[in-house]
K.L.:
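This is the structure, below, for whatever I ask next.
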Amino acid sequence: MRRPRDEPRHEGACFVKISGAATMHAPASRVWAALQDPEVLAVAIPGCERLEPTGPGTYQFALCVGVAWIRGRYAGNIKLSEQHEPSSFVLSATGAGIPGSASTSVHIRLASRSDGLTELTYDADGEVGGLIATVGPSLLGAIARRLVGRFFTRVDNVLAGTTPAGWAWPATGS
Amino acid sequence: MNEAEQVHEVRLTVNGAARTASVPARRLLSDCIRHDLHLTGTHVGCEHGVCGACTVLLNGAPVRSCLLLAVSVDGADITTVEGLAGPDGRLSPVQQAFAECHGLQCGFCTPGFLTTITAGLQAAPEPTDEQAREMVGGNLCRCTGYQNIVAAVHRAAELRREHEGAAAVPRRPGPGDVR
Amino acid sequence: MKPPPLDYSRPESLTDALRTLADLGPDGKVLAGGQSLVPLLSMRLAEPMHLVDINRLADLAYVTRADGQVLVGALARHAEVLASSLVPAAQPLLAKALRFVAHPAIRNRGTTVGSIVHADPAAEMPAVLALLGGTVRVLTAGGERLVGARDFFLGVLESDVQPGELVTEVRFPVLPAGAGTGFAEVSRRRGDYAVCGVAALIALNDRQEIEQARAAYLSVGPCPRVLDLTEALAGAPADSDRLPAAAAMARELIHPEGDIHATAEYRRHLAGVLTERALLEALAEARDRGSADFGRQPAGNAP
Amino acid sequence: MSSLFGARVQRVEDDRLLRGSGAYLDDLGEDALAAAFVRSPHAHARITGIDISAALAVDGVVAIYTYRDLPQRLAEPLPLLIPHPALSHGRTPYPLANGEVNHVGEAVAMIVARDRYVAEDAEELIDVSYEPLPAVVGIDSARRAEHLVHADVPGNLAARAAQEHGDTTAAIAAAPHVLELDLHIERSASTPLEGRGVLARWDPQARRLQLWTSTQTSTGVRAAVAAKLGIDLANVDVITPDVGGGFGVKIVHPWPEEVLVPWAARRLLRPVKFTEDRREHFIASAHERAQEHHVTVGYDDDGRILGLDVRFWHDNGAYVPYGLIVPIVTSTQLLGPYKPGAYKVEFDSLYTNTVLVTPYRGAGRPHGCFVMERTIDAIAAERGLDRTLVRERNFIQPEEMPYDQGLIFQDGRPLIYDSGDYPALLAKLKDLIGWDQFPAVRQAAAREGRRLGIGLACYVEGTGVGPYEGGHVIVETSGKVKVATGLTSQGQGHQTVLAQLVADELGVPITDVEVVTGDTRRFGYAVGTFASRTAVMSGSAVTLAARKAREKALRVAAGALEVSADDLVITDGLVHVKGDPDSGIGIGTVAVLSNPLRYAFDEAAKAATQFAGGGDMNRPPVAEGDEPGIEGRAFFSPVRSTFAAGMHAAIVETDPDTAEVTILRYCVVHDCGRLINPQIVEGQIHGGVAQGVGGALYERMAYDETGQLLNASFMDFLMPYVSEVPRRIEIDHLETPSPLNPLGIKGAGEAGVIPGAAVLAAAIEDAEDIPVRSMPLSPSDLFELRRVSHEETA
């Protein structure tokens, strides 16, 4: 009858794990290239205000991101690693800002389809700390899902040509 | 953040007296009452609207003063705990009942209960037990276990009836009245 | 816990308000009751912004009935909607659900429209609007658009209100004769956001059989979720013992998440239990309300 | 003389509190600067840099401090208040983090600004760079010790302590039956409606510090602040204003803010105030309760315990400023009213990267009671015996008092129960709840498809812990009586009960008695308010002080009236000859006569001046060894604690569909010795029961595995509203006087909370027929228990 106590005791903790899939309207090689392109990342990362390369596969960013009224400014670093072109890589990001700190590691896999499109799947582990974690944890999963969804939609829009690379987010975010 | 914040002139009627304060837009009504108007009887227990310690009467209806911006209630009529006793200094029926029933311990949450019940008894002068509990259902108390607070609601209703005609708070526009 | 610096305008007319909002664009935020916004500001989860306080727009503080709808203006407080004499007959679900909205002191200030715009998936009013297939009236300086409930809720705390827009009214379809509503929820403490909640609607035909059954769920996803349960109940008599089948159907269709108060599994279980309870109440009300209008109008704007 | 002792006297505190004229910490210091703190968002991290430049530029910011600004003594860790030989690795926090943070909420930087709004603006602009370290969260993680909270504390083990009475292993080995149980209690917290707060003023001319703090121990704060800031004790005043609840969290001292705020006030030559907000209270004050227990118990066919072995693990959070008090109390007090044959207990106190743990009302007892009472219920279930019968068979009998449990208690003294009648308490409880009638009630309910259960739990509570308290009583020439005691008050009605005692003792109207607590200007020696000790300790002390004042008053009046002091009594403030209440002198006049004066300030004083006549010209105006004034000062220091006891029973209904739990009845029988004011005692019980219900069904600290507290608000930390507490708490009293103090009283402040988790677990278990081994229990938890139980049966 003993409950395992070292497992996270509550669902919906600030340790956010999300998985998903998206169909990208381009061949895998183009999707791969887009996801490595800082200009595309700057467009796709929700609320991205600044993204500067600091080395091979590493970037500094500043963003203002949020959902509805819950909104915060973050600054931090992005690293692309475990690159197996054109099939998979890991995007890691850590950031800190007014509502708290966040870090995430997204494992992205690309699979070519026979129709020339690409099936993208991802698994993200996120960790959120600080204010937002202590007062709004039950919202985090849904917010994270929405932000990740926006990211891939944006990338796809760039690939499809509906959003030009170099397009900037409005200063206040979405 | 270094530009001086714009201040707004706020005119309120507080416990029957005209008061003014100059506040920035972000000033919470609770802080305005406590620190600008120096009426420290209204207490702040959570600042997110859950505990009810900061409850005041806004045009006769209980509201959380920590969930209001002072500037937004410009022109309103406000009753705080300091305004509950009679002009002669006599405790109101609700206050008297709390004393008789041991309805308070540390006293920190008490002003919110007193204002809430004062308005509640206007609406339900002879509350059933269910109504009495409903009346205080949104206020947290960590000391009393609520037993004596509910008893005090009933006792206050009794005292009000005894002081027939002497309403605890003069009739002000109610929640249904639109300003 | 103090709000960040804010800019502030308090328009005296709707025209002023819309002009101000148009000028401000994405920086402008509407302040009505503020019962959700102010704590977010105090916790500094919301960025500094320019508040457009509509509390002087007394014309928007109405609850009326017109064209088969209950119209609730942007400045009508929950308490006023609850106290409105036309609500119990015109749309009893509003009153039933409003009793679960926080506590009286919050209802005295918080507005029904604000609650819907705020789009908290755990809140009662968005689910009620979604269930009834109500409409949101959105104004800009340039015009008006009407948004159906199904399109209005976009995600957690996200609704379809664009910069420069003001929601002035929500419209809840009047409950036709022969239809009934029910509301049931479980919250940890009385007045808390629901662990799970269900609003239900049943329409009977003139043979006193269930013709249509719907339920809306709160706290089971990012938006209010409306399920058509007619398939489980169609043709059942008004004293139906087939409600468990509807509950089972609901359990199958929803996919709630767990949080610190409840596991996903418990939420799913509750969704079933509460579906049954809400449907039972709806069924009783539908019987009481007779079936004079049967067949001529659906229960609400069916989604 | 009509006695106020035992009367339901209305509280003297209430009038001003009801008018909104109370003075709580944040009501003071309108001219003070506001302090706010940057607090760690990480449970465990190294600090690699702090950039305050942007924040310093904010208009209205006066100063920002980090660890590097702290002078020598402030740069040391805060004191370890209660050392213990077993506490081999005691660690306490720095006032501001020194390079490492060990829980979310630990203070990293202090901002002093024009007001709190501006201070929070600046807070957002302070850029702290952290290098996160792995966090240790929960007892299992601490025990596994794959990561360490403090690099120099192996195994995360702050302390391991053991006690034994008898040969437990042998007793269990020889027992006919043996059971093993794992029992768990989660974290909760005191959560007073008013958070902590400090206001400091430094007077540079007088070189004097005045400090107001929302504390349970003003003398403790005073000594700590004087030591940390290097100020002579005599130049520090600590004044406790009205305190909006404490429940334990305010006994810890000095909190970082209690030394930083006065330090800043002295440095800036401006008054400075810190008012803790609600979120800070959750992540920067103290929690309690989290423990895992493993019980091995041997017993006979009748359910008599022959040997009890308890091993438990205590989560002490990131630091242990309050030593091992909580686990020591658990380890000694879990025995309750029972004599277990042989008893062995061992505990580990473990560090985790969470908010530190210090006593919360009940302090270790709710967990101990839960362990013992669950164990007894398990024995009863296993033997098929009535749960009350098993308890009766294990009770210490009244004729065995005083009873030595053979252990050392939290005050370092032998655990010897002074008094009590446990069989009588149980009989009262069974009557009150209708224990024997319950099976019929249950059946009737079952016929309606309702699920009812009954449970009970017993406890013994060491109260009135030493070492001492003192009191001072002075009669003013107006006849008014001023009383001071050093310990503090957080709403328990101390002013009222102490006034009752003094009014009785001095024979004056209670309206003439004014009691001041927790003001070091009025009384400098004190310990503090905790462990249900005020009535016993300060009650006895002010009684003894009033007795001295009374003797003096009678002696002076005897001289003036030319009668023997033995013939005099005081009634309604009038000193008169027994049987002649109409002629005598007012006690105020006696005060005038007791103080020979040179100067007259009013008509009363005139009578005591040097030309007023009277007095023996051959003796000094103040006799050798005597003092002017009608005053008494006394201390009370008992040989050991008193032991109050009580038993609770509850009937609950569980919803078969939603798994919600409703408490239908809640009954309490209680023995705190003689009752000074039954209304106040009942109020204490009510509040305790509500907290017990909170701890059993609603409140928990929801940490995730990274050490984030997910419910740091009243939205998600579910303190009960009126709708969650029993509709009526039915109370009966038993009074077995304590022989250990002049009043025969035992403490009552904490009792109500102790059996909450135990009694509700028992009742839910009874309703559901599923073992309940872990509390609190939410509907979701009960749903899960049902599911697992269903699977196991299937």
Side-chain angles (χ1 to χ4, degrees), chain B residues 1-5 24 26-27 31 34-35 38-51 53 80-85 89 91-92 94-96 98-100 102-111 114 129 133-134 136-150, chain D residues 8 10-11 13-15 17-24 26-27 30 57-59 115-117 121 125 190-195 242-247 275 277-278 490-493 679-680 682-691 693 713-715 719-723 725 727-729 752:
Chain B
M1 213 169 270
N2 262 337
E3 308 145 32
E5 269 184 275
R26 58 167 156 169
R27 191 96 170 146
D31 285 335
R34 290 176 47 72
H35 301 303
H38 307 290
L39 292 168
T40 55
T42 298
H43 298 148
V44 169
C46 73
E47 286 181 301
H48 50 270
V50 184
C51 80
T80 69
V81 65
E82 288 94 341
L84 297 183
L91 292 179
S92 77
V94 182
Q95 292 169 312
Q96 181 63 33
F98 265 66
E100 288 179 21
H102 186 27
L104 67 156
Q105 290 182 25
C106 82
F108 195 80
C109 69
T110 310
L114 297 175
D129 200 46
R133 295 166 68 83
E134 175 87 28
V136 297
N139 292 61
L140 286 174
C141 170
R142 192 58 158 169
C143 294
T144 64
Y146 305 102
Q147 307 291 307
N148 292 340
I149 291 176
V150 175
Chain D
R8 292 177 171 268
Q10 261 186 44
R11 299 205 323 169
E13 291 91 338
D14 289 354
D15 189 80
L17 298 181
L18 288 166
R19 294 176 187 276
S21 317
Y24 300 84
D26 190 52
D27 303 343
E30 279 297 338
V58 172
D59 178 46
D115 64 25
R116 177 77 184 209
Y117 290 76
D121 294 345
L125 296 176
S190 303
T191 336
L193 258 288
E194 180 204 33
D242 286 318
V243 174
F247 312 112
T275 305
D277 71 25
R278 184 50 55 187
Q490 300 86 43
Q492 301 94 329
Q679 177 159 286
I680 284 178
E682 285 162 14
Q684 290 298 305
I685 293 171
H686 292 162
V689 167
Q691 280 177 328
V693 169
S713 80
F714 277 162
M715 287 177 292
M719 216 157 104
Y721 286 108
V722 67
S723 38
V725 300
R727 192 164 280 265
R728 203 156 83 77
I729 297 167

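Quantities reported herein were computed from a predicted structural model and do not represent experimental measurements. Order of the sequence lines fixes the chain letters, A, B, ..., with proteins taken first and strands second; residue numbering starts at 1 for each chain.
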K.L.:
Please classify the contact between B:H48 and chain D as side chain, backbone, both or neither, with a heavy-atom cut-off of under 4.5 Å.
P.N.:
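Only the side chain of B:H48 comes within 4.5 Å of chain D.
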K.L.:
My understanding is that only residues two or more places apart in sequence, or in another chain, count here; which of them pass ring pair (Phe, Tyr, Trp, His ring centres under 6.0 Å) with D:Y721?
P.N.:
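By the ring pair (Phe, Tyr, Trp, His ring centres under 6.0 Å) rule, D:Y721 matches C:H103.
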K.L.:
Quick check on B:E134 against chain D: is it the side chain, the backbone, both or neither that has a heavy atom closer than 4.5 Å?
P.N.:
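Neither part, no heavy atoms under 4.5 Å.
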K.L.:
Measure distances from B:H102 to the heavy atoms of chain D and classify the residue's part below 4.5 Å as side chain, backbone, both or neither.
P.N.:
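For B:H102, backbone and side chain are both near chain D.
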K.L.:
Please flag which part of B:E47 lies under 4.5 Å from any non-hydrogen atom of chain D: side chain, backbone, both or neither.
P.N.:
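Answer is side chain: those atoms of B:E47 sit under 4.5 Å from chain D.
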K.L.:
Can you say whether D:D242 sits under 4.5 Å from chain B via the side chain, the backbone, both, or neither, judging by heavy atoms?
P.N.:
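It is neither, since no heavy atom gets under 4.5 Å.
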K.L.:
In terms of heavy-atom proximity below 4.5 Å to chain D, should B:L114 be classed as side chain, backbone, both, or neither?
P.N.:
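B:L114 touches chain D through side-chain heavy atoms alone.
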K.L.:
So for D:E682, is it side chain, backbone, both, or neither that comes closer than 4.5 Å to the heavy atoms of chain B?
P.N.:
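Contact with chain B: none, neither part.
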K.L.:
Please state whether the side chain, the backbone, both or neither of D:E30 comes within less than 4.5 Å of a heavy atom of chain B.
P.N.:
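Contact with chain B involves the side chain of D:E30 alone.
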K.L.:
In terms of heavy-atom proximity below 4.5 Å to chain B, should D:I685 be classed as side chain, backbone, both, or neither?
P.N.:
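Interface part for D:I685: neither.
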K.L.:
Among residues at least two apart in sequence or on other chains, which ones pass ring pair (Phe, Tyr, Trp, His ring centres under 6.0 Å) with B:F98?
P.N.:
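Ring pair (Phe, Tyr, Trp, His ring centres under 6.0 Å) check on B:F98 returns nothing, list empty.
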K.L.:
Given that the side chain runs from C-beta out, which part of D:V243 has a heavy atom under 4.5 Å from chain B: side chain, backbone, both or neither?
P.N.:
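Only the backbone of D:V243 comes within 4.5 Å of chain B.
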K.L.:
Please classify the contact between B:T110 and chain D as side chain, backbone, both or neither, with a heavy-atom cut-off of under 4.5 Å.
P.N.:
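Looking at B:T110, just its side chain touches chain D.
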